[in-house]
Amino acid sequence: LRVLYSPAETEAPIPVDITLLPRSRARTSASLLDDVYLYQFGSESLAGVPGLVGKPMLPSNGYAGESVWYDALSPNPFVAKCVDPVDADGVAQCVRTVYLPSGIAAIYTFDATALQSWRLFDIEMQRWLSHIGAW
């Protein structure tokens, strides 16, 4: 699916690609934060997204140009893994995987500029996915 994420009426909508799949075929980004990403972080922190901690992944482990952004204060945090653009005119892309209340998983792929309004992201996705009974 592709939906248009409109966090603020003054901003241009951002396309979000959504892949729905059985829960058994995906791990949430929040679980990957503790089980995988945490051990792959570089020592520095990234700035630029209010309310989220940004950590670069270790290039020596094959993660050059990748970063993870997460809400460090939540027991079930917002977590997105992002990768730098391939070409100079491109935009960084992020992926976030969650389990929906319906029992299925959703993988969101989106432009990294959407991270600025991360607090509204799941609310907006719920609005779209409720229409098709996926939420």
Side-chain angles (χ1 to χ4, degrees):
L1 305 171
R2 175 170 275 188
V3 300
L4 294 177
Y5 175 50
S6 301
E9 294 192 21
T10 59
E11 297 177 23
I14 300 166
V16 176
D17 292 326
I18 305 171
T19 302
L20 300 174
L21 61 159
R23 188 179 182 130
S24 62
R25 302 267 323 248
R27 289 188 61 192
T28 67
S29 296
S31 71
L32 290 172
L33 176 65
D34 291 335
D35 297 342
V36 178
Y37 300 152
L38 185 65
Y39 304 102
Q40 305 297 329
F41 287 156
S43 59
E44 65 274 11
S45 290
L46 304 172
V49 182
L52 292 180
V53 174
K55 298 295 280 184
M57 303 290 281
L58 291 170
S60 59
N61 290 345
Y63 295 108
E66 296 184 33
S67 60
V68 174
W69 294 86
Y70 62 96
D71 173 14
L73 302 177
S74 174
N76 185 22
F78 178 96
V79 179
K81 184 175 183 224
C82 303
V83 63
D84 290 344
V86 176
D87 63 43
D89 296 329
V91 178
Q93 293 291 303
C94 300
V95 65
R96 170 172 166 71
T97 303
V98 298
Y99 293 152
L100 303 176
S102 64
I104 61 176
I107 301 173
Y108 306 122
T109 306
F110 54 93
D111 188 294
T113 59
L115 289 175
Q116 293 299 323
S117 54
W118 65 273
R119 288 180 175 92
L120 300 173
F121 190 86
D122 289 336
I123 295 166
E124 185 70 7
M125 293 306 110
Q126 178 181 359
R127 185 176 72 83
W128 283 102
L129 294 173
S130 292
H131 289 298
I132 63 169
W135 194 268

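In what follows, residues are counted from 1 in the order of the sequence shown. Quick caveat, the model's predicted, so the values are computed rather than measured.
- Counting only N and O atoms by type, the side chains of Ser74 and Asn76 include no donor and acceptor under 3.5 Å apart.
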Identify all side-chain donor-acceptor contacts of residues 33-52 below 3.5 Å with residues at least two apart in sequence or on another chain.
unit_1, atom_1, unit_2, atom_2, d
Asp35, OD2, Arg27, NH2, 2.7
Gln40, OE1, Asn61, ND2, 2.4

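- In this structure, the separation between CD1 on Ile14 and CD on Glu124 is 10.5 Å, given to the nearest 0.5 Å.
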Under 3.5 Å, which donor-acceptor pairs link side chains of residues 64-73 to any protein atom two or more places apart or in another chain?
unit_1, atom_1, unit_2, atom_2, d
Glu66, OE1, Lys81, NZ, 2.4
Ser67, OG, Trp69, NE1, 3.3
Asp71, OD1, Leu73, N, 3.1

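- Tracing side-chain contacts under 4.5 Å through hydrophobic residues (I, L, V, M, F, W, Y), one never reaches Ile107 starting from Val3; they form parts of separate clusters.
- Residue pairs meeting the salt bridge (Lys or Arg N to Asp or Glu O under 4.0 Å) criterion with at least one partner in residues 82-92, sequence neighbours excluded, are absent.
- One side chain, Ser117 or Tyr5, offers a donor N or O that lies under 3.5 Å from an acceptor on the other.
- Annotation: side-chain hydrogen bond (donor to acceptor under 3.5 Å, both in side chains) contacts of Ser31 (sequence neighbours excluded): Thr28.
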For Val16 and Met125, run side-chain contact (heavy atoms from CB on, under 4.5 Å): C-alpha distance rounded to whole Å, both residues' side-chain angles, the deciding distance at 0.1 Å, then the answer. CA-CA 9 Å; Val16 176; Met125 293 306 110; 4.0 Å; yes

Identify each donor-acceptor pair in which a side-chain atom of residues 90-104 lies under 3.5 Å from a protein atom, sequence neighbours left out, and give them as a table.
unit_1, atom_1, unit_2, atom_2, d
Arg96, NE, Asp122, OD1, 3.4
Arg96, NH1, Val79, O, 3.3
Arg96, NH2, Asp122, OD1, 3.4
Arg96, NH2, Asp122, OD2, 2.7
Tyr99, OH, Ala26, O, 2.8
Ser102, OG, Ala134, O, 2.5

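- A distance of 9.5 Å separates OG1 in Thr109 from CD1 in Ile18, rounded to the nearest 0.5 Å.
- Taking the six-membered ring where the residue is Trp, Phe78 and Phe121 present perpendicular rings, their angle passing 60° and hence far from 30°.
- Taken together through direct or relayed side-chain contacts under 4.5 Å among Ile, Leu, Val, Met, Phe, Trp and Tyr, Leu1 and Trp135 form part of one hydrophobic cluster.
- With sequence neighbours left out, Arg119 forms a salt bridge (Lys or Arg N to Asp or Glu O under 4.0 Å) with no residue at all.
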